[in-house]
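Residue numbers start from 1 in every chain, and the chains themselves are labelled A, B, ... in the order their sequence lines are given, proteins ahead of strands.
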Protein chains: 2
Amino acid sequence: MNIGQASRRSGLPAKTIRYYEEIGLVQPSRLENGYRDYSAGELDALRFLARARSLGFSIEECRRLLSLYSDKSRASADVRRLAEAHIVEVDAKIAELQAIRAALARLVSACHGDHAPDCPILDELAGSAA
Amino acid sequence: MNIGQASRRSGLPAKTIRYYEEIGLVQPSRLENGYRDYSAGELDALRFLARARSLGFSIEECRRLLSLYSDKSRASADVRRLAEAHIVEVDAKIAELQAIRAALARLVSACHGDHAPDCPILDELAGSAA
DNA sequence: CCTTGACCTTCCAGTCGCTGGAACCCATCT
DNA sequence: AGATGGGTTCCAGCGACTGGAAGGTCAAGG
């Protein structure tokens, strides 16, 4: 199957699929005319990547996951460890964003938002307490 | 004040401060020896930037905020609009991360995590339901 | 046979917000 | 004079793509 089909069936842009080949994630064979030719297994790998990336795994984590995926002797504990470590990262990001959100909400609620030039948001960004 | 002091007092790395100059955010005058010389106002601007960036405003949003900050005739409603738009973005990111977190937690809880090679996490990433 | 249009190929540059490093200048202390 | 610790410039690289130019390939239509 050519890259256009692989793109449609995996949901990944063709550019991204080429990029994944370049960095050694999924390397298809080529037809005589030079076109990439994706096997069913390679399409599976692309779909796998699309899902793992959408869950926020980095490319290097995806590479690990892919190799565990194709390693028949892997221990599921390895995979679980990777996923758990990733949850910890996600939790940290959520907490950070929630703190940011709270700070912003406080700023906005302090701001009358009219046509007068004095603005507590700018005042606070400029100097007093963070 | 030289860049080292400005860095210590603003909390921004010197490299970052030089970068901000390069992109036209804060452009200090120079001493005879070529060293950057930050005024009190420029230090304020750097602190302002440090805070706004830590709240997740993009560089371009910071540029807007800085210009509102130095615009005596601005309406605080303009600032408020920017902050509110930013909250909407932050909320969207939080929601996305929470969805990701839930999906990961579900995967992890389905995985026995032992030394056997079958692993529901990989199975699910590979193909069935997302 | 020629053209059109949709594909495919490669390669290079740009995104965002820094960050690291090389190579060099300047200031101060011993 | 030399060591240390500033400062300066410029170039390259991060992650994970994305856009665009320039050109090869393929199937269908006039």
Side-chain angles (χ1 to χ4, degrees), chain A residues 1-39 42-43 45-66 86 89-90 93 96-97 100, chain B residues 1-39 42-43 45-66 86 89-90 93 96-97 100:
Chain A
M1 143 192 17
N2 65 20
I3 200 171
Q5 279 217 306
S7 170
R8 258 164 268 128
R9 296 201 195 171
S10 68
L12 292 169
K15 279 258 175 191
T16 300
I17 297 179
R18 288 194 195 97
Y19 173 68
Y20 288 170
E21 179 182 7
E22 191 186 324
I23 62 175
L25 281 183
V26 178
Q27 280 160 323
S29 55
R30 301 288 184 126
L31 297 175
E32 290 199 351
N33 59 12
Y35 285 21
R36 288 166 180 84
D37 186 30
Y38 289 88
S39 70
E42 285 155 352
L43 177 59
L46 291 176
R47 288 209 253 242
F48 185 103
L49 286 170
R51 296 229 170 107
R53 288 289 300 130
S54 79
L55 291 177
F57 287 98
S58 75
I59 288 287
E60 287 315 307
E61 285 169 329
C62 287
R63 197 190 296 279
R64 277 279 293 138
L65 284 171
L66 257 189
H86 190 51
E89 285 173 32
V90 170
K93 275 190 205 161
E96 199 189 328
L97 284 176
I100 287 172
Chain B
M1 135 192 26
N2 65 21
I3 200 172
Q5 281 217 306
S7 168
R8 259 165 268 128
R9 297 202 194 168
S10 68
L12 292 169
K15 279 256 174 192
T16 299
I17 297 179
R18 288 195 195 96
Y19 173 68
Y20 288 171
E21 178 182 6
E22 191 187 324
I23 63 175
L25 281 183
V26 179
Q27 281 160 322
S29 55
R30 300 289 183 127
L31 297 175
E32 290 199 352
N33 60 11
Y35 285 20
R36 288 165 180 84
D37 186 30
Y38 289 88
S39 69
E42 284 155 355
L43 178 59
L46 291 176
R47 288 209 251 244
F48 185 103
L49 286 169
R51 298 230 169 104
R53 289 286 301 131
S54 80
L55 290 177
F57 287 97
S58 74
I59 289 286
E60 287 316 308
E61 285 168 330
C62 288
R63 197 189 297 278
R64 276 283 292 138
L65 284 171
L66 257 189
H86 191 50
E89 285 172 34
V90 171
K93 275 190 205 159
E96 199 188 328
L97 284 176
I100 287 172

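Evaluated for a side chain to side chain contact (heavy atoms under 4.5 Å, CB included) with B:Ser7, the options B:Leu46, B:Leu12, B:Ile17 yield exactly one hit, B:Ile17.
Picking from D:dT9, C:dA27, C:dC18 the nucleotide with the shortest atom distance to the side chain of B:Arg30 gives D:dT9. Residue A:Lys15 places its side chain closer to D:dT18 than to any other of C:dA27, C:dT9, D:dT18. In the set D:dC17, C:dA27, C:dC18, the nucleotide with an atom closest to the side chain of B:Asn33 is C:dA27. When distances are taken from the side chain of A:Arg53 to each of D:dA16, D:dC26, D:dG6, the shortest belongs to D:dA16. Among the nucleotides D:dG7, D:dC17, C:dG17, the one closest to the side chain of A:Tyr20 is D:dC17. Taking only side-chain atoms of A:Ile59, from C-beta outward, the nucleotide of D:dT18, C:dC7, D:dA16 with the closest atom is D:dA16. Taking every side-chain heavy atom of A:Arg18 into account, C:dT10 is the closest of D:dT25, C:dC18, C:dT10. Among the nucleotides D:dA16, C:dC8, D:dT9, the one closest to any side-chain atom of A:Asn2 is C:dC8.
Residues B:Met1 and B:Leu43 form a side-chain contact, since some pair of their non-hydrogen atoms from C-beta on lies under 4.5 Å apart. Contact check for A:Ile59 versus A:Tyr20: side-chain heavy atoms found under the 4.5 Å cut-off.
Spacing between atom CG of A:Leu25 and atom P of D:dA16 amounts to 10 Å, rounded to whole angstrom units. Rounded to an integer number of Å, the gap from A:Arg8 CZ to C:dA6 C1' is 11 Å. In this entry the distance linking CD of B:Glu61 with C1' of C:dG17 reads 14 Å, nearest Å. For the pair A:Tyr35 OH and C:dA6 P, the interatomic distance rounds to 14 Å; values are reported in whole Å. For the pair B:Asp37 CG and D:dG7 C1', the computed distance is 13 Å after rounding to whole Å. Atom-to-atom, CG of B:Leu49 to P of C:dC16 comes out at 17 Å; the value is rounded to the nearest Å. The distance from atom CD of B:Glu32 to atom C1' of C:dA27 is 15 Å, rounded to the nearest whole Å. Taking atom CD on B:Glu22 and atom P on D:dC11, their separation rounds to 11 Å, with Å as the unit.
Here A:Thr16 does not reach the OP1 or OP2 of D:dA16: none of its side-chain N or O atoms lies under 4.0 Å away. For B:Arg36 and C:dC26, the shortest distance from a side-chain N or O to OP1 or OP2 is not below 4.0 Å. Between B:Arg63 and the phosphate of C:dG17, there is no side-chain N or O to OP1/OP2 separation shorter than 4.0 Å.
Taking CD of A:Glu42 as the start and CD of A:Gln27 as the end, the distance is 9.0 Å to the nearest 0.5 Å.
Between A:Glu22 and A:Arg36 there is no salt bridge, since no side-chain N of the basic residue sits under 4.0 Å from a carboxylate O of the acidic one. Between B:Arg64 and B:Glu61, no side-chain nitrogen of the basic residue sits less than 4.0 Å from a carboxylate oxygen of the acidic one, so the salt-bridge criterion is not met.
The residue among B:Tyr19 and A:Ala14 whose nearest nucleotide of DNA chain C lies closer to the 5′ end is A:Ala14.
B:Ile3 comes within 4.0 angstrom of sugar-phosphate atoms only, judged by non-hydrogen atoms across all strands, and of no base.
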